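Notes to accompany the following structure.
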Amino acid sequence: MKLLENSSFEAINTQLTIETGDCKIIGRIESYSCKMAGEDKQMFKQFCQEGLPHVLEALSPPQTSGVSPNKLSHSQSGDEGEGPLSDKCSRKTLFYLIATLNESFRPDYDFSRTRGHDFSREPSVNWVFNAVNSSLSVAAGEAYSRLQPQLWEAIDNEISLAECDIYSYNPDLDSDPYGEEGNLWSFNYFFYNKRLKRIVFFTCRSVSLFMAPRDSGIGTELDLDLDEGSYEEEEEENMDEERCGALCA
């Protein structure tokens with residue numbers, strides 16, 4: 001998987017870090033080519049030892065709805081059929097999803113043990129559109145409202161949403177790259193266009209400013225302010241003690 005340059009995404013990503021009163025939204029959108037080369041080909045050969053590329057892999061039901069997508073739509077990619085098969089995808093598609101995660105989160109995380117049940121196929125573009133907008137509007141308010149039209153236009157221009165199958169990554173806590181204490185919620189969506197051989201990956205999380213993970217960098221400034229305040233108090237106490245000592249003498 002190769003990260004593709006996209007100036008629109010770069011501009012949007014600078015606006016997808018939003019601080020509110022008690023939390024911080026951290027998001028990014030990235031575009032990846034599904035054309036395999038070098039290391040990807042070797043990984044794909046190893047992956048295929050567990051099953052042929054066209055074999056269908058079971059997925060979990062989507063978390064954004066109460067019903068299975070098999071009742072709502074056909075797959076755009078052509079590797080899922082009607083009925084129960086809509087809750088499955090080909091192993092080749094599954095490899096693309098896993099390879100995208102590896103590329104996006106490298107070198108901190110390895111998703112080679114990720115399986116089909118960690119993913120879901122979403123019912124429709126509109127469903128994901130509403131889910132994302134709902135989460136970010138509630139968390140970021142006006143800051144996201146101003147960004148929303150530009151964000152979805154950029155995604156559509158890059159991936160042609162009407163032609164996409166959309167998948168989400170919903171791991172257990174041990175496998176979640178956002179599983180640290182202080183993370184309030186997160187989402188990971190893959191917009192896959194088989195014709196373009198491309199995936200747009202949209203990942204976002206909300207982090208509590210009061211329970212921020214140690215490696216997030218959030219809260220550092222607050223800690224420094226508190227330390228400086230404590231130092232100033234100690235200085236004042238020392239000066240008072242010196243004055244008192246001088247008077248007693």
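The model shown is predicted, which means the values in this text are computed figures rather than measured ones.
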What heavy-atom pair brings Ser186 and Asp176 nearest, and what distance separates the two atoms? OG-OD2, 4.3 Å

Between Tyr189 and Phe187, how do the two ring planes meet: parallel, tilted or perpendicular, split at 30° and 60°? tilted

To the nearest 0.5 Å, what is the distance between CZ on Arg113 and CD1 on Ile98? 13.0 Å

If we ignore angles and hydrogens, is there a donor and acceptor under 3.5 Å between the side chains of Ser112 and Asp110? yes

Nearest heavy-atom approach of Leu196 to Asn193 is N-OD1, 3.0 Å

Would you indicate whether Glu142, at its atom CD, is surrounded by more than 12 heavy atoms from other residues, nucleotides or ligands within a distance under 6.0 Å? yes

N-O pairing of Glu57 and Arg91 below 4.0 Å: yes

Atom pair CD1 (Ile29) and CG (Asn6), whose distance is rounded to the nearest 0.5 Å: 9.0 Å

Tell me which pairs pass ring pair (Phe, Tyr, Trp, His ring centres under 6.0 Å) where either residue lies in residues 4-44, with sequence neighbours left out. Phe44-Phe95

Test item: side-chain donor near acceptor, Asn183 and Arg205, under 3.5 Å: yes

Quick check: are there more than 12 heavy atoms from other residues, nucleotides or ligands sitting under 6.0 Å from CD of Gln150? yes

What is the minimum heavy-atom distance between Thr20 and Leu209, and which atoms define it? O-CD1, 3.8 Å

Ring center gap for Phe105 and Tyr178 short of 6.0 angstrom: yes

With no hydrogens and no angle check, just 3.5 Å: does a side-chain donor-acceptor pair link Asn133 and Tyr144? yes

Under 30°, 30 to 60°, or over 60°: which ring-plane class applies to Phe111 and Tyr169, parallel, tilted or perpendicular? perpendicular

Do side-chain atoms of Ser135 reach the backbone of Ala131 as a donor and acceptor pair under 3.5 angstrom? yes

Taking all non-hydrogen atoms of both residues, which atom of Thr17 and which atom of Lys24 are closest, and how far apart? CG2-CE, 3.3 Å

When you look at Thr93 and Tyr192, which way does the side-chain contact (heavy atoms from CB on, under 4.5 Å) test go after all the steps? CA-CA 9 Å; Thr93 298; Tyr192 173 44; 3.9 Å; yes

Working to the nearest 0.5 Å, report the span between CG of Leu94 and NZ of Lys88. 13.0 Å

Carboxylate-amine/guanidinium proximity below 4.0 Å for Glu163 and Lys194: no

OG-CG distance between Ser137 and Leu147, expressed to the nearest 0.5 angstrom: 10.5 Å

Ring-plane angle category for Trp152 and Phe191, please: parallel below 30°, perpendicular beyond 60°, tilted otherwise. perpendicular

Tell me the closest heavy-atom pair linking Cys23 and Leu184, and the distance in Å. CB-CD1, 4.0 Å

Just by distance, do the side chain of Asp118 and the backbone of Asn170 share a donor-acceptor pair under 3.5 Å? no

I want to check something: taking the side chain as every heavy atom from C-beta on, are Trp127 and Val132 in contact at a cut-off of under 4.5 Å? no

Mind running side-chain contact (heavy atoms from CB on, under 4.5 Å) on Val207 and Ile26 for me, showing each step along the way? CA-CA 8 Å; Val207 183; Ile26 306 169; 4.1 Å; yes

Are the side chains of Phe119 and Thr114 in touch, meaning some heavy atoms are under 4.5 Å apart? yes

When Cys34, Ser31, Ser33 are each screened for side chain to side chain contact (heavy atoms under 4.5 Å, CB included) with Arg198, the one that passes is Ser31

Steps toward side-chain contact (heavy atoms from CB on, under 4.5 Å) verdict (Ile199, Leu97): CA-CA 8 Å; Ile199 287 177; Leu97 302 181; 4.2 Å; yes

Matching residue for Tyr167 among Ser120, Cys89, Pro62 - test: side chain to side chain contact (heavy atoms under 4.5 Å, CB included): Cys89

Salt-bridge contact Arg28-Glu30 (side-chain N to carboxylate O under 4.0 Å): yes

Examine distances only and state if a side-chain atom of Ser60 and a backbone atom of His117 form a donor-acceptor pair shorter than 3.5 Å. yes

CD1 (Ile12) and CD1 (Ile155) are apart, to the nearest 0.5 Å, by 7.0 Å

Give a yes or no on whether a salt bridge exists between Arg121 and Asp87, defined as a side-chain N under 4.0 angstrom from a carboxylate O. no

Quick one, Trp185 with Ile25, criterion side-chain contact (heavy atoms from CB on, under 4.5 Å). Give me CA distance, side-chain angles, the key distance, then yes/no. CA-CA 10 Å; Trp185 54 259; Ile25 308 301; 4.0 Å; yes

Give the minimum heavy-atom separation between Leu161 and Val125, together with the two atoms involved. O-CG2, 3.4 Å

Determine whether the aromatic ring centres of Phe201 and Phe190 lie less than 6.0 Å apart. yes

Output for pair (Leu151 CG, Asp156 CG), nearest 0.5 Å, gives 11.5 Å

